[in-house]
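Okay, structure first, notes after.
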Amino acid sequence: MDIYVYMQGQRRGPYDKAQLQEMWNRGQLPKDALYWHDGMSQWAVIADPFVNAKMAPPLPVDTGNAEPMTFPPPIVNAD
């Protein structure tokens, strides 16, 4: 599963779950960074899957129904 990260004003990726776990463990992902993967309706805070839980195993890939990805716009705080 390709996972994208939005941090420091840029979308980065794709990454797989193992890469993100390693980046989190090394402190390379700020807690307020956002992540998204196909099937999500909006970006979510990257800390959510790492705090008090490990990321779920990847879902099986169904290549027969592959569709182009459409990224939702990132959440931007108007502070």
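Model, not experiment: these values are computed from the prediction.
Distance check, rounded to the nearest 0.5 Å: CD1 of I3 to CG of D38 gives 11.5 Å. Considering NZ of K31 and CH2 of W24, their distance stands at 6.0 Å, rounded to 0.5 Å. With values rounded to the nearest 0.5 angstrom, L29 atom CG is found 5.5 Å from M7 atom CE.
Checked against side-chain hydrogen bond (donor to acceptor under 3.5 Å, both in side chains), Q42 has no partners two or more places apart in sequence or in another chain. Legend: residues meeting side-chain hydrogen bond (donor to acceptor under 3.5 Å, both in side chains) with D32, ordered by chain and number and at least two apart, are absent.
Proximity of a side-chain donor or acceptor of W36 to a complementary backbone N or O of M40 within less than 3.5 Å is detected.
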Steps toward side-chain contact (heavy atoms from CB on, under 4.5 Å) verdict (D2, D16): CA-CA 6 Å; D2 291 338; D16 63 34; over 6 Å; no

For a side-chain contact (heavy atoms from CB on, under 4.5 Å) check, start with the C-alpha distance between V5 and L20, then their side-chain angles and the critical distance, and finish with the verdict. CA-CA 9 Å; V5 175; L20 290 178; 3.6 Å; yes

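Here the side chains of R12 and Y35 are not in contact, with every heavy-atom distance at 4.5 Å or above. No side-chain heavy atom of Y4 sits less than 4.5 Å from a side-chain heavy atom of Y15.
The side-chain tip of R11 does not point at the ring of Y6 from less than 6.0 angstrom away and within 45° of straight on.
Residue pairs meeting the salt bridge (Lys or Arg N to Asp or Glu O under 4.0 Å) criterion with at least one member in residues 20-30, sequence neighbours excluded, are E22-R26.
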